Amino acid sequence: MAQIGQILVDVPTMQTNDPYSYAIPAELEHQVQVGMRVIVPFGRGHRLVSGVVVGLNDVTNFDGKLKPIETVLDLVPVLNTELRQLADWLANTTYAFRITCIQTMLPNLLKTQPKRQVQPTTTLTPEEMATYFPEGAPRDFDATKLDDATVAGLLKLQRAGKVEVVYEVKDKAAAKTTTGITPALTPAKLQEIAGEVAKRAPKQAELLAYLAQMPADKVVAQATVAKKAGVTPAVIGTAADKGWLTKSTLEVYRDPFHQPVTPTQPLKLNPEQQVAVDRITQAIDGQKTENFLVEGVTGSGKTEVYLQSIAQALQQGRTALMLVPEIALTPQMVNRVKARFGQRVAVLHSGLSKGEQYDEWRRIDRGEATVVVGARSAVFAPVENLGIIIMDEEHESSYKQDENPRYHARDVALWRGQYHHCPVVLGSATPSLETRARAAKGLYTRLVLSKRAKAQPMPTVHIVDMREQLKQQGDSDFSEPLMTAIQERLDRHEQIVLMLNRRGYSSFVMCRDCGFVLKCPNCDISLTLHMDTHSMKCHYCGHEEAIPHVCPNCHSKKIRYYGTGTQKVQQALEKLLPTARILRMDVDSTRRKGAHERILRQFGEHKADILLGTQMIAKGLDFPNVTLVGVLNADTALGLPDFRASERTFQLLTQVSGRAGRATKPGEVYIQTFNPDHYAIQLAQSQDYERFFVTEMHMRHQGSYPPYYFAVQLTASHEEEAVAAKAMYQIVDALKQGLSKDAIVLGPTPKAIARVKRKYYYQVVIKYKREPQLRPVLEQIRQAAQVPARHGLSVTIDSEPMNFM
DNA sequence: GGTGCTAGCAAT
DNA sequence: TTGCTAGCACCG
């Protein structure tokens with residue numbers, strides 16, 4: 001039996017990025033296994049922290065005295081070999097701490113919560129009690145939440161030995177339980193007693209009869225027994241007292257799916273779909289790590305290809321993982337998978353409560369669910385024996401996490417595909433340039449679905465030149481052609497989707513006399529007007545203040561609103577079309593849990609004529625009665641200083657256009673723009689992805705951008721601008737010394753939004769093709785950033801960033 | 001991330 | 001000389 005455990009402690013620092021050795025006490029010898037969470041003492045005090053066992057052995061090269069493991073938190077390992085290896089790989093490629101990677105992979109409830117408290121060791125004076133323990137002892141001791149005087153006072157008492165600090169590590173993992181029932185006697189005996197009590201206690205007799213036919217080794221929930229036997233829990237209680245049955249604690253799963261779904265059968269495939277399914281299933285059968293790009297126009301039946309490929313994997317006795325963007329994880333999508341695979345499906349996404357997430361995770365971990373559908377973090381689902389991994393809407397930027405570890409789910413999916421020798425299928429109507437370029441190089445097998453499955457025509461796309469509109473009819477959010485088209489649909493009782501592109505655009509307050517714009521006191525951006533709360537809000541830090549009536553700068557009363565928010569558009573639209581029923585969907589109207597689904601359901605039931613929303617309406621919606629899509633401002637994102645601006649605009653316009661005319665009725669799209677000649681808009685009109693790809697690749701080549709170059713972004717932030725800037729200049733020096741002449745180092749520059757949450761941001765972008773020294777140089781920068789991190793300077797490294805701004 | 005050690009400094 | 005604070009290495 002192993003004497004020593006290698007533990008990764010839950011302290012995210014450079015020095016603790018390698019495991020520490022701990023002694024395994026005799027009583028835990030048979031409990032501790034690799035992959036389990038433990039609690040260990042750490043540091044010079046008696047602080048307790050949680051950790052994860054990453055190795056067991058009998059020797060260690062640490063020659064000090066080992067501390068013993070305090071507690072084992074798990075009965076079964078929470079991380080298998082694959083996920084432990086994956087965590088190491090992730091830490092290396094994203095420059096994140098190993099423990100942070102592990103935490104990211106586990107469901108929320110498995111993250112432990114350390115708690116620090118203080119309690120008196122001797123009798124304190126009444127004054128001391130009153131100042132430091134007004135609510136009694138022990139009390140919480142969280143230095144970040146207490147004022148300095150209290151902290152200093154308590155530390156003083158501690159030095160005097162009058163109080164002590166105690167630690168606790170709370171494990172939040174809790175399975176939901178219910179009372180379970182098992183018969184305590186043989187069926188014959190139960191029947192005998194039933195006969196005896198039949199006259200006096202008919203209910204008890206009924207229960208006994210039910211118990212008699214229950215399988216002896218099975219535990220049934222009390223609620224089920226009560227319902228099936230037609231008795232109240234009280235009767236069961238009496239029966240338990242008489243020794244006829246035993247009660248036990250039964251673990252149950254919280255079921256996030258309340259409505260039953262009608263099962264579906266595989267649909268007939270068109271020739272293109274058939275080829276795709278054949279190629280993918282070949283790879284599944286051959287246990288081959290072959291990666292596919294399924295490039296299919298909206299409505300081409302990608303989902304059916306996914307479902308039939310999954311079916312093949314299941315038939316081979318293997319499992320399937322399907323990733324979708326969070327926003328597309330609507331009941332519509334989930335139901336399609338559930339309808340095909342029923343109880344075998346587990347769903348993971350942020351809409352579930354933490355308890356539900358944990359339960360779904362355990363169903364997967366125990367092999368009870370063999371199909372997993374989920375958003376980004378579901379790529380870490382503990383599925384074993386994977387037969388296929390699917391990533392829908394592969395180009396979505398939400399697959400990249402924008403906090404540590406800054407991983408891209410696509411890379412993780414490819415890693416797991418290699419580990420399991422199974423195909424990875426990337427699907428999109430508008431693949432990311434990176435993916436499409438890799439397919440061109442032969443790294444992915446490209447499968448094209450060019451035809452709409454139900455043979456509907458593609459929608460007709462019109463471009464409305466808003467410069468002309470401005471000259472003719474003045475400043476309005478609605479052009480004349482769009483209004484005519486809307487009116488037509490209203491007359492025909494058809495539905496309309498209107499999209500307001502919010503990226504880089506919002507309504508702000510400006511003074512017409514002096515040009516003063518109301519800005520956030522913490523961040524470097526203007527405040528956004530919110531009519532629902534009648535306030536000005538900062539979208540970066542959440543700062544909120546009253547709407548000014550007088551200009552704070554020149555005291556003029558001519559302070560007005562500019563820009564276009566969804567609320568303002570809704571009001572304008574209501575004025576123009578008083579009879580139309582309008583539903584609004586944006587960050588504000590969907591903040592409450594379930595609001596998103598409710599709005600979509602209402603629209604699906606035709607309880608509204610117009611769905612007005614931001615980007616979130618562009619994805620995955622399928623409403624047959626929608627025959628018109630209007631994009632109010634196509635080009636607001638084009639002006640952003642980001643090399644992906646064109647790609648994003650093209651993708652968004654193509655996607656939202658796909659919402660029109662999905663059934664028998666033909667669809668029309670109106671795109672309002674001030675840049676009608678821009679290639680992203682022109683090619684979105686002709687729905688020509690290939691030409692867009694070629695054009696954009698040319699632009700990327702010209703600018704030495706991905707996918708021609710790799711990119712790493714480094715950011716330094718500090719409350720004082722000079723500190724952040726200085727740190728970044730030092731980093732640039734280190735980069736220039738360590739990297740080859742071929743590496744392009746851009747910056748340092750202040751970020752486009754230089755100040756967020758009271759901190760200033762400076763960044764550098766490295767572009768390179770081959771840079772063997774990159775990793776060691778970045779590791780060195782990371783190491784050097786440890787010390788100043790104590791003084792509020794944070795340095796982040798983002799490999800292949802999604803936002804260049 | 002938290003801690004006790006150490007150096008440096010001011011109050012006594 | 002003592003008391004306190006800031007900076008810092010270290011935690012198994």
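Just so it is clear, the structure is predicted and the values come from calculations on it, not from any experiment. Scope of the values below: all heavy atoms of this structure, side chains included, with no hydrogens, waters or symmetry mates. Below, read A as the first sequence line, B as the second, and so on, with proteins coming before strands; counting in each chain starts at 1.
Residues meeting the side chain to side chain contact (heavy atoms under 4.5 Å, CB included) test with A:Ser717, sequence neighbours left out: A:Lys759, A:Tyr761, A:Ser794. With sequence neighbours left out, A:Asp88 forms a salt bridge (charged side-chain N to carboxylate O under 4.0 Å, His left out) with A:Arg98. Shown here are the side chain to side chain donor-acceptor pair (under 3.5 Å) partners of A:His718, two or more places apart in sequence or in another chain: there are none. With sequence neighbours excluded, the residues forming a side chain to side chain contact (heavy atoms under 4.5 Å, CB included) with A:Asp365 are A:Trp361, A:Pro382, listed by chain and number. Remark: A:Arg362 engages A:Glu251, A:Asp359 in a salt bridge (charged side-chain N to carboxylate O under 4.0 Å, His left out) (not counting sequence neighbours). The salt bridge (charged side-chain N to carboxylate O under 4.0 Å, His left out) check on A:Asp798 picks up A:Lys400, with sequence neighbours excluded. When the salt bridge (charged side-chain N to carboxylate O under 4.0 Å, His left out) test is applied to A:Arg406, no partner is found at least two apart in sequence or on another chain.
The interatomic distance linking A:Glu70 (CD) with C:dC11 (P) rounds to 19 Å, in whole Å. Nucleotide B:dG1 holds its P atom 14 Å from the NE2 atom of A:His791, rounded to whole Å. If you take CG of A:Asn404 and C1' of B:dG1, they are 16 Å apart, rounded to a whole angstrom. Atom NZ of A:Lys65 is separated from atom C1' of C:dC11 by 15 Å (rounded to the nearest Å). The distance between atom OH of A:Tyr20 and atom P of C:dC10, rounded to the nearest whole Å, is 10 Å. In this structure, NZ of A:Lys67 is placed 10 Å from P of C:dC11, rounded to the nearest angstrom. Note: CD (A:Gln786) to C1' (C:dC11) measures 14 Å, nearest angstrom.
Screening A:Val72, A:Asp10, A:Leu48, A:Ile7 for a side chain to side chain contact (heavy atoms under 4.5 Å, CB included) involving A:Ile39 leaves a single residue, A:Leu48.
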Next item on the list: Mark up nucleotides 3-9 of chain B, 5' to 3', with B wherever a protein heavy atom is under 4.0 angstrom from a base atom, S wherever such an atom reaches only the sugar-phosphate, and - elsewhere.
Entry: BB-----

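Residue A:Tyr22 is classed as a sugar-phosphate contact, given heavy-atom separations below 4.0 Å to backbone atoms only. As judged by a 4.0 angstrom heavy-atom cut-off over every strand, A:Gly43 is placed among the base-contacting residues.
Annotation: A:Phe380 is in aromatic contact with A:Tyr407 [ring centroid separation under 6.0 Å].
Residue whose closest nucleotide on DNA chain C sits further toward the 5' end, between A:Val787 and A:Leu66: A:Val787.
Listed by residue number, A:Val11, A:Thr13 are the residues of residues 9-16 of chain A with a heavy-atom contact under 4.0 Å to DNA chain B.
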